[in-house]
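We name chains A, B, ... by the order of the sequence lines, and we start the count at 1 in each one.
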Amino acid sequence: MSKALKFELLHKDYKSKARRGRITTPHGVIESPVFMPVGTQATVKAMKPESVGDTGAQIILSNTYHLMLRPGSDIVREAGGLHEFMNWHKPILTDSGGFQVFSLGHMRKITEEGAIFSSHIDGSKHMLSPEKSIEVQNDLGSDIMMAFDECAPPNASRDYIAKSQERTTRWLKRCIEANRNPDTQALFGIMQGGFYRDLREESAEAIVELDLPGYAIGGISVGETKEEYIGVLEYAPDLLPSDKPRYVMGIGTPDYIFEAVEHGVDMFDCVEPTRIARHGVATTSQGRISIKNAKYERDFSPLDPECDCYTCRNYSRAYIRHLYKAGETMSHMLLSEHNLRFLSKLSEDIRKSIEEDRFMELKREFYSKYYADK
RNA sequence: GUGGGUGUCGUCAAGUGGUCAAGACCCAGGGUUGUGGCUCUUGUAUACGUGAGUUCGAAUCUCACCAUCCACC
């Protein structure tokens, strides 16, 4: 059993695979299911850490790739680690850079050793390998480190995805070997295999054998249809141990969260709430609204009448629309805070519903309002 | 009052005789999924100051008028 992380399964929903759990890390306890906001460059964009905490966030995600290039992980280490550096003292999960190898696409080359890529900042050449990724994540001092994997493009051939998935497992073994802080930093493995069930099974079998403190399902939410996404959820979580946290990477819309939780997933992260906030969109109990729309010009009600966040307690749609149209940063701040609170509140509601064996009812109620006018 | 300049969508601005008069901004929608932080995408407009004239044809040339800017008195 890992010293760095403990997972307790508190309750299982009666009518679905939804789980209510508790994850204990060196920086505190995380109640699950949990949504994790993303703070790529050691900051959740447009938000102070205090505000992030106020939304109910229990853990945030940050990035190996970005912090390695700037300011450099040695600087974060000298600062006393990422928690100190950015003044966030609750748990942090760091992504390994594997996804950037995928999203950078054209600017890189993958070999057995690792990935060679050009920096998006200055074009300089860098190598990211399992050893390098873990070294950086050790410097950052995150509570949960992700294995350096390859997230293969969804349109890749079956043959490529099979080879990539096998390589991801070989890389995982190297990550385990490279970890200097196994007692304080938990390493999660990542399942790959695209949309092929047998490849997913193969991947799961190989990584579960390595007995890691937690497991992620990678390679989804990369542009596939919702049907394909749900298709993977139908079987993938069941391939992972029930006494370890399960994490689906990169999802953050309410419908995707409901589907994941229903199929036994405990953790998820997404840039979506903070990104759409910076583009003038809010998620509400009655569906998404674009604050840019002219119909909100004289709407002096809050973004979401059912929300208890700082933004909704103090500001109107008309005011936020004005700020957005005027190009004021404050609109990003207010919308980001609301959107994060919305997902934290949704997670709270989900946890409570599981405890009361009424998760499916919550899902139904939520959808009936969220999709009411669609 | 005198001399000179300028008048093209809401705004800025291409176009100097010949297809449906660029483009940008604004405005109005939509997108965003392990973040390359003011983004990507689509769409709307009774725009050539007014009136005459030259010409097969004028936003483009001529004249008058109007408006506006600058200088001088």
Side-chain angles (χ1 to χ4, degrees), chain A residues 35-47 59-67 69-70 92-108 117-123 133 137 142 144-152 154 168 188-192 214-226 228-229 247-257 259-260 265 267-283 288-297 321 323-333 335-336 339 343 374:
Chain A
F35 173 76
M36 307 184 281
V38 177
T40 303
Q41 309 207 68
T43 171
V44 176
K45 296 181 195 302
M47 291 192 71
I59 171 173
I60 61 169
L61 180 149
S62 197
N63 278 82
T64 295
Y65 169 79
H66 302 265
L67 296 176
L69 295 180
R70 184 172 55 196
I92 296 175
L93 178 149
T94 43
D95 192 17
S96 63
F99 188 75
Q100 277 64 47
V101 171
F102 157 69
S103 63
L104 246 42
H106 46 106
M107 310 166 69
R108 49 82 176 139
F117 59 90
S118 301
S119 160
H120 70 278
I121 300 167
D122 61 7
S133 176
Q137 295 187 74
S142 52
I144 299 172
M145 303 187 291
M146 297 310 298
F148 185 67
D149 65 331
E150 184 194 357
C151 180
T168 288
F188 280 24
I190 304 175
M191 180 206 295
Q192 290 292 349
Y215 290 97
I217 298 169
I220 51 179
S221 73
V222 287
E224 74 280 5
T225 65
K226 189 169 174 180
E228 291 173 302
Y229 167 74
Y247 164 28
V248 169
M249 312 181 80
I251 62 161
T253 53
D255 54 333
Y256 274 48
I257 289 174
E259 294 300 332
V265 172
M267 308 165 67
F268 22 85
D269 75 282
C270 197
V271 305
E272 206 252 11
T274 43
R275 177 179 288 162
I276 63 173
R278 278 176 276 116
H279 295 160
V281 177
T283 313
R288 275 187 173 203
I289 65 171
S290 175
I291 205 64
K292 296 179 271 193
N293 291 173
K295 61 184 171 186
Y296 302 123
E297 192 174 19
R321 173 180 148 85
L323 293 177
Y324 186 83
K325 300 294 280 186
E328 289 290 344
T329 302
M330 179 79 163
S331 66
H332 302 172
M333 297 164 63
L335 285 166
S336 293
N339 285 348
L343 289 184
K374 298 223 168 80

Between [X] and [Y], what is the shortest heavy-atom contact and its length?
{"X": "Lys226(A)", "Y": "Tyr256(A)", "value": "CA-OH, 3.4 Å"}
{"X": "Ser331(A)", "Y": "Leu323(A)", "value": "CB-CB, 3.7 Å"}
{"X": "Ala147(A)", "Y": "Ser96(A)", "value": "O-OG, 2.9 Å"}
{"X": "Ile251(A)", "Y": "Phe35(A)", "value": "O-CE1, 3.9 Å"}
{"X": "Pro154(A)", "Y": "Val222(A)", "value": "CG-O, 3.7 Å"}

Give a yes/no on whether any side-chain N or O of [X] is located under 4.0 angstrom from OP1 or OP2 of [N].
{"X": "Arg321(A)", "N": "A28(B)", "result": "yes"}
{"X": "Lys325(A)", "N": "A28(B)", "result": "yes"}
{"X": "Asn63(A)", "N": "G34(B)", "result": "no"}
{"X": "Asn293(A)", "N": "G30(B)", "result": "yes"}
{"X": "Gln41(A)", "N": "G37(B)", "result": "yes"}
{"X": "Arg288(A)", "N": "U32(B)", "result": "yes"}

Would you indicate what [X] reaches in the nucleic acid, counting non-hydrogen atoms under 4.0 angstrom: base, sugar-phosphate, or nothing?
{"X": "Ile190(A)", "answer": "base"}
{"X": "Thr253(A)", "answer": "nothing"}
{"X": "Gln137(A)", "answer": "nothing"}
{"X": "Val281(A)", "answer": "base"}
{"X": "Gly280(A)", "answer": "nothing"}

Does the side chain of Ser119(A) pick up a donor-acceptor pair with the side chain of Asp122(A) at under 3.5 Å?
yes
Tyr65(A) versus His120(A), side-chain donor and acceptor atoms under 3.5 Å
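A pair is found: one side chain offers a donor N or O, the other an acceptor, under 3.5 Å apart.
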Which nucleotide in the set [options] lies at the smallest distance from any side-chain heavy atom of [X]?
{"X": "His279(A)", "options": "U33(B), G31(B), C38(B)", "result": "G31(B)"}
{"X": "Thr43(A)", "options": "G37(B), U35(B), U32(B)", "result": "G37(B)"}
{"X": "Ser290(A)", "options": "G30(B), G29(B), U35(B)", "result": "G30(B)"}
{"X": "Thr329(A)", "options": "U35(B), U33(B), C38(B)", "result": "C38(B)"}
{"X": "Cys151(A)", "options": "U32(B), G34(B), U33(B)", "result": "G34(B)"}

Ignoring hydrogens and angles, does a donor from either the side chain of [X] or the base of [N] sit under 3.5 Å from an acceptor on the other?
{"X": "Asp149(A)", "N": "G34(B)", "value": "yes"}
{"X": "Arg275(A)", "N": "U32(B)", "value": "no"}
{"X": "Thr274(A)", "N": "U35(B)", "value": "yes"}

Would you mind reading off the distance between [X] atom [atom1] and [N] atom [atom2], rounded to a whole angstrom?
{"X": "Tyr229(A)", "N": "G34(B)", "atom1": "OH", "atom2": "C1'", "result": "13 Å"}
{"X": "Lys45(A)", "N": "U33(B)", "atom1": "NZ", "atom2": "P", "result": "14 Å"}
{"X": "Lys292(A)", "N": "C40(B)", "atom1": "NZ", "atom2": "P", "result": "12 Å"}
{"X": "Lys295(A)", "N": "C27(B)", "atom1": "NZ", "atom2": "C1'", "result": "17 Å"}
{"X": "Gln100(A)", "N": "U33(B)", "atom1": "CD", "atom2": "C1'", "result": "13 Å"}
{"X": "Ile144(A)", "N": "G34(B)", "atom1": "CD1", "atom2": "C1'", "result": "13 Å"}
{"X": "Lys226(A)", "N": "G31(B)", "atom1": "NZ", "atom2": "C1'", "result": "17 Å"}
{"X": "Leu343(A)", "N": "G34(B)", "atom1": "CG", "atom2": "P", "result": "13 Å"}

Separation between the [atom1] atoms of [N] and [M], rounded to whole Å:
{"N": "A22(B)", "M": "G43(B)", "atom1": "P", "result": "14 Å"}
{"N": "A28(B)", "M": "U44(B)", "atom1": "C1'", "result": "7 Å"}
{"N": "G34(B)", "M": "A21(B)", "atom1": "C1'", "result": "49 Å"}
{"N": "A13(B)", "M": "A47(B)", "atom1": "C1'", "result": "12 Å"}
{"N": "G3(B)", "M": "G23(B)", "atom1": "C1'", "result": "36 Å"}
{"N": "C48(B)", "M": "U32(B)", "atom1": "C1'", "result": "40 Å"}
{"N": "A58(B)", "M": "U50(B)", "atom1": "P", "result": "15 Å"}
{"N": "C9(B)", "M": "C27(B)", "atom1": "C1'", "result": "12 Å"}

Is the aromatic ring of His66(A) within stacking range of U35(B), meaning centres under 5.5 angstrom and planes under 30 degrees?
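The ring of His66(A) is not stacked on U35(B).
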Could you please name the partner base of [N], counting Watson-Crick and G-U wobble pairs only when both distances are under 3.5 Å?
{"N": "U16(B)", "result": "none"}
{"N": "U33(B)", "result": "none"}
{"N": "G51(B)", "result": "C63(B)"}
{"N": "C72(B)", "result": "G1(B)"}
{"N": "U46(B)", "result": "none"}

Heavy-atom check, side chain of Asn63(A) versus side chain of Thr94(A), under 4.5 Å:
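No, their side chains stay 4.5 Å or more apart.
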Which residue lies more 5' along RNA chain B, comparing Gly98(A) with Gly327(A) via nearest heavy atoms:
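Comparing both residues, the 5'-ward one is Gly98(A).
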Whichever of Ile220(A) and Glu328(A) has the more 5' nearest nucleotide on RNA chain B, that residue is Ile220(A)
Supply the atom-to-atom distance Phe188(A) CZ to Met267(A) CE, rounded to the nearest 0.5 angstrom.
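The CE atom of Met267(A) is 4.5 Å from CZ of Phe188(A), to the nearest 0.5 Å.
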